[in-house]
Structure formats: structure tokens, C-alpha cells
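Scope of the values below: all heavy atoms of this structure, side chains included, with no hydrogens, waters or symmetry mates. Throughout, residue positions are numbered sequentially from 1 according to the sequence presented.
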Amino acid sequence: MTNSIFFIVGPTGIGKSEFGINLSKFINGQIVNADSMQIYKELSILSARPNLEDQNTIKHHLYGYINGNHRYNVEKWCNDAKKIINLSVENYFSPIFIGGTGLYID
């Protein structure tokens with residue numbers, strides 16, 4: 001399944017992150033945040049961000065890496081996500097995009 005891209009989407013609290021972690025273990029995947037609020041460092045509690053244990057078990061990208069006082073938008077996210085996709089091709093893992101933000105997924 002190398003070079004496949006997966007998307008797990010839906011409302012908060014339905015188990016997307018847990019499913020993504022289990023899928024990652026099965027297919028040599030890494031998790032990529034696709035939620036507009038989880039990119040901000042300061043919103044870890046409000047956004048149901050994966051806990052540190054989960055983040056240490058499977059590599060997670062684009063979580064809590066932007067300060068809330070910086071402007072960020074879907075174009076910047078697309079550029080960051082493209083870098084992760086290219087990295088996945090180079091390193092033989094499958095990116096698994098997880099989130100409920102339809103704008104980012106679209």
C-alpha cells in the first residue's frame with residue numbers, strides 16, 4: 001500500500017484518531033492533521049488532539065505547530081500537506097489524513 005493516501009473524516013468524538021492509529025500500524029502509515037483547530041499549539045484541549053502516547057507511538061504531522069497569534073489558512077495547510085505527501089513517497093509510508101474540517105479535505 002505504499003504511496004496510497006488515506007482520508008478519515010467525520011464529526012468530533014467518533015474514533016477517527018483511534019482508527020487512524022490502528023490503520024497506521026497495519027499499513028506503515030503516519031497521521032496527518034486535517035483539522036483547522038488542531039494546527040494551533042494553544043488549542044490542544046478544545047480540539048481533542050491525540051495524546052502524547054499516541055503521538056509517540058505513530059508519527060503525527062501538522063498538530064500544534066502554529067502559534068495562535070499567526071495567520072494560517074487553507075493554502076498554507078495545502079502547501080504543508082504537500083510536503084508531507086512528498087516525504088511519504090521518499091520514505092515509503094502512507095499518509096493518513098484525519099480530521100473534520102471539510103475545507104481542508106476538499
Side-chain angles (χ1 to χ4, degrees):
M1 291 209 182
T2 303
N3 296 330
S4 295
I5 300 172
F6 297 85
F7 293 87
I8 302 171
V9 299
T12 300
I14 62 168
K16 295 183 301 287
S17 294
E18 181 180 358
F19 181 78
I21 289 169
N22 290 331
L23 179 60
S24 293
K25 293 174 183 176
F26 184 70
I27 65 166
N28 188 35
Q30 294 185 359
I31 306 296
V32 184
N33 171 43
D35 184 284
S36 64
M37 294 294 106
Q38 292 191 33
I39 62 165
Y40 295 107
K41 291 178 185 175
E42 298 84 3
L43 295 180
S44 61
I45 294 173
L46 297 175
S47 62
R49 183 177 301 158
N51 63 41
L52 289 177
E53 182 180 340
D54 290 339
Q55 291 183 47
N56 290 330
T57 301
I58 298 293
K59 177 73 175 167
H60 284 64
H61 301 273
L62 307 183
Y63 284 88
Y65 74 110
I66 299 293
N67 287 321
N69 61 346
H70 288 105
R71 294 182 63 93
Y72 194 81
N73 58 39
V74 71
E75 179 184 10
K76 291 178 182 180
W77 181 86
C78 286
N79 290 331
D80 293 341
K82 184 178 177 182
K83 291 175 189 174
I84 302 300
I85 292 168
N86 290 335
L87 182 66
S88 72
V89 171
E90 294 171 11
N91 292 295
Y92 305 103
F93 67 85
S94 296
I96 303 169
F97 288 83
I98 298 178
T101 305
L103 179 61
Y104 281 18
I105 298 298
D106 289 343

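- Counting only distance, with no hydrogens or angles, the side chain of Asn91 and the backbone of Phe93 share no donor-acceptor pair below 3.5 Å.
- Minimum interatomic distance between Ile85 and Pro95 (heavy atoms only, all atoms of both residues): CG1-CG, 4.4 Å.
- A distance-only check finds no donor-acceptor pair linking the side chain of Lys59 to the backbone of Val32 [under 3.5 Å].
- Looking only at distances, no side-chain donor or acceptor of Asp35 sits under 3.5 Å from a matching main-chain atom of Gly99.
- For the atom pair NZ of Lys83 and CG of Leu62, the computed distance is 10.0 Å after rounding to the nearest 0.5 Å.
- Of the possible donor and acceptor atoms, one in the side chain of Lys76 sits under 3.5 Å from a partner among the backbone N and O of Arg71.
- The aromatic rings of Phe97 and Phe7 lie parallel to each other, their planes meeting at an angle below 30°, with 60° marking the opposite boundary.
- One finds the CD1 atom of Ile98 at 9.5 Å from the CD1 atom of Ile105 (value rounded to the nearest 0.5 Å).
- Distance NZ/Lys41 to CD1/Ile66: 8.0 Å, rounded to 0.5 Å.
- The closest donor-acceptor contact from the side chain of Trp77 to the backbone of Asn33 lies under 3.5 Å.
- We find the OG1-CD1 distance between Thr57 and Ile21 to be 7.0 Å, quoted to the nearest 0.5 Å.
- Of all heavy-atom pairs spanning Gln30 and Ile58, the tightest one is CA-CG2, 4.2 Å.
- Here OG of Ser24 is found 9.5 Å from CZ of Phe6. Values are rounded to the nearest 0.5 Å.
- Note that CG of Asn28 is 11.5 Å distant from OG of Ser4, once rounded to the nearest 0.5 Å.
- Remark: of the listed residues Asp80, Ile84, Ile96, Ile84 is the sole one forming a side-chain contact (heavy atoms from CB on, under 4.5 Å) with His61.
- Tracing side-chain contacts under 4.5 Å through hydrophobic residues (I, L, V, M, F, W, Y), one never reaches Leu23 starting from Ile14; they form parts of separate clusters.
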